[in-house]
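The structure appears right after this line, and notes come after that.
Note that ligands are numbered from 1 as they come in the structure, with each ligand's atoms numbered from 1 the same way.
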Amino acid sequence: MAKQLELLPAVDVRDGQAVRLVHGESGTETSYGSPLEAALAWQRSGAEWLHLVDLDAAFGTGDNRQLIAEVAGAMDIKVELSGGIRDDAALAAALATGCTRVNLGTAALETPEWVAKVIAEHGDRIAVGLDVRGTTLRGRGWTRDGGDLYETLARLDSEGCARYVVTDIAKDGTLQGPNLELLKNVCAATDRPVVASGGVSSLDDLRALASLVDEGVEGAIVGKALYAKAFTLEEALKAVA
Ligand SMILES: O=C(O)c1ccccc1N[C@@H]1O[C@H](COP(=O)(O)O)[C@@H](O)[C@H]1O
């Protein structure tokens with residue numbers, strides 16, 4: 001049977017609320033209320049995955065660790081957890097939520113030895129988020145440059161990284177469509193699965209991402225389009241079935 005694109009509805013948490021940002025910029029938040037209610041709604045609508053982000057931890061403005069653990073613990077579906085996972089304590093807390101995997105961003109740029117160690121220890125429970133402007137990686141809430149995408153990808157591949165979550169920051173939260181060119185280029189540079197993030201605006205965007213499954217796109221994170229009701233999650237799941 002042909003592989004199907006996985007959909008990961010996103011719940012990004014800032015100051016205890018589910019929010020969406022534009023280009024990941026602090027201060028651009030639109031609030032969508034309770035993160036638990038949002039996550040449960042996606043689960044009820046048939047999601048198999050939840051992409052759950054602690055934005056305060058990513059920005060270094062505190063954390064929502066307890067709430068994130070509550071949301072992850074309430075899910076019967078798979079959870080990908082990210083934001084602020086940069087040391088042993090944060091990783092242990094994240095994994096203890098029972099999430100399926102964590103997504104490391106800044107740590108992959110600033111503490112590569114630690115990331116290599118945790119990849120070796122935890123295998124496919126570790127993914128790396130490659131958050132890029134052009135081909136330059138960004139860390140610390142996407143506020144600082146962190147090196148070249150393809151050099152970092154080659155290093156992480158050699159260390160056994162199981163999977164990448166690739167975000168085009170220029171597209172994130174904009175409803176302008178995903179950067180298919182970037183995704184194709186990343187897929188050509190690695191044999192590991194890629195989860196696409198940023199820009200999904202329509203069912204046609206999801207169909208375009210689904211057409212890249214054979215090239216290595218395994219899943220797509222969907223945020224703003226769902227919250228803005230551009231389509232329902234049920235329609236999205238049907239579109240990629
Ligand atoms: O998802 C966002 O909109 C976002 C915006 C700004 C910064 C980070 C964002 N998201 C996620 O955070 C992790 C990175 O966190 P860290 O660098 O490891 O602390 C990244 O995987 C994004 O998914």
Roughly how far apart are Glu80 CD and Arg163 CZ, rounded to 0.5 Å? 8.0 Å

Number the atoms of ligand 1 from 1 as they appear, then name those within less than 4.0 Å of a heavy atom of Gly105, with their elements. 17 (O), 18 (O)

Would you check whether Ser82 has a nitrogen or oxygen atom less than 3.5 angstrom from a nitrogen or oxygen atom of ligand 1? yes

Cut-off 3.5 Å, side chains only: do Thr190 and Asp157 have a donor facing an acceptor? yes

Considering the options Val165, Val166, Leu182, which one meets the side chain to side chain contact (heavy atoms under 4.5 Å, CB included) requirement together with Val194? Val166

How close do His51 and Asn103 get, counting heavy atoms only, and between which atoms? CE1-ND2, 4.3 Å

Ligand 1 contacted by Gly83 (non-hydrogen, < 4.0 Å): yes

Can a non-hydrogen atom of Gly139 be found less than 4.0 Å from any atom of ligand 1? no

Which of these, Asp56, Thr106, Asn103, has its nearest heavy atom closest to atom 17 (O) of ligand 1? Thr106

Contact between Val165 and ligand 1, counting heavy atoms under 4.0 Å? no

With heavy atoms of Phe59 as the reference, note each atom of ligand 1 found under 4.0 Å away. 6 (C)

Quick test: of every protein heavy atom, which one is nearest to atom 6 (C) of ligand 1, and how far off is it to 0.1 Å? Trp142 CD2, 3.5 Å

Polar contact flag, side-chain donor to acceptor under 3.5 angstrom, Arg14-Ser26: yes

Numbering as shown, the atoms of ligand 1 that approach Gly84 to under 4.0 Å (heavy-atom distance): 15 (O), 16 (P), 18 (O), 19 (O)

In terms of heavy-atom contacts, Trp114 and Ala107 come closest through CZ3-CB, 3.7 Å

Ala230 versus Ser201, closest heavy-atom pair with distance: CB-O, 3.6 Å

Which residue and heavy atom of the protein sit nearest atom 10 (N) of ligand 1, plus the separation: Val53 CG1, 3.7 Å

Measure the acute angle between the ring planes of Tyr32 and Tyr227, then classify it against the limits of 30° and 60° as parallel, tilted or perpendicular. tilted

If the cut-off is 4.0 Å to any non-hydrogen atom of Asp172, which atoms of ligand 1 fall inside it? 3 (O)

Gly160 and Arg192: which non-hydrogen atoms are nearest, and at how many Å? C-NH1, 3.7 Å

Go through ligand 1 atom by atom and flag the ones less than 4.0 Å from a non-hydrogen atom of Asp131. 20 (C), 22 (C)

Using heavy atoms and a threshold below 4.0 Å, how should the contact between Asp12 and ligand 1 be classified: side chain, backbone, both, or neither? side chain

Specify the protein heavy atom at minimum distance from atom 7 (C) of ligand 1: its residue, its atom name, and the distance to 0.1 Å. Gly141 CA, 3.5 Å

Can you tell which part of Ala58 has a heavy atom less than 4.0 Å from ligand 1: side chain, backbone, both or neither? both

Asn185 vs Leu183, test: side chain to side chain contact (heavy atoms under 4.5 Å, CB included). Steps then yes/no. CA-CA 5 Å; Asn185 291 340; Leu183 293 163; over 6 Å; no

Using a 3.5 Å cut-off on N or O atoms only, is Gly24 in polar contact with ligand 1? no

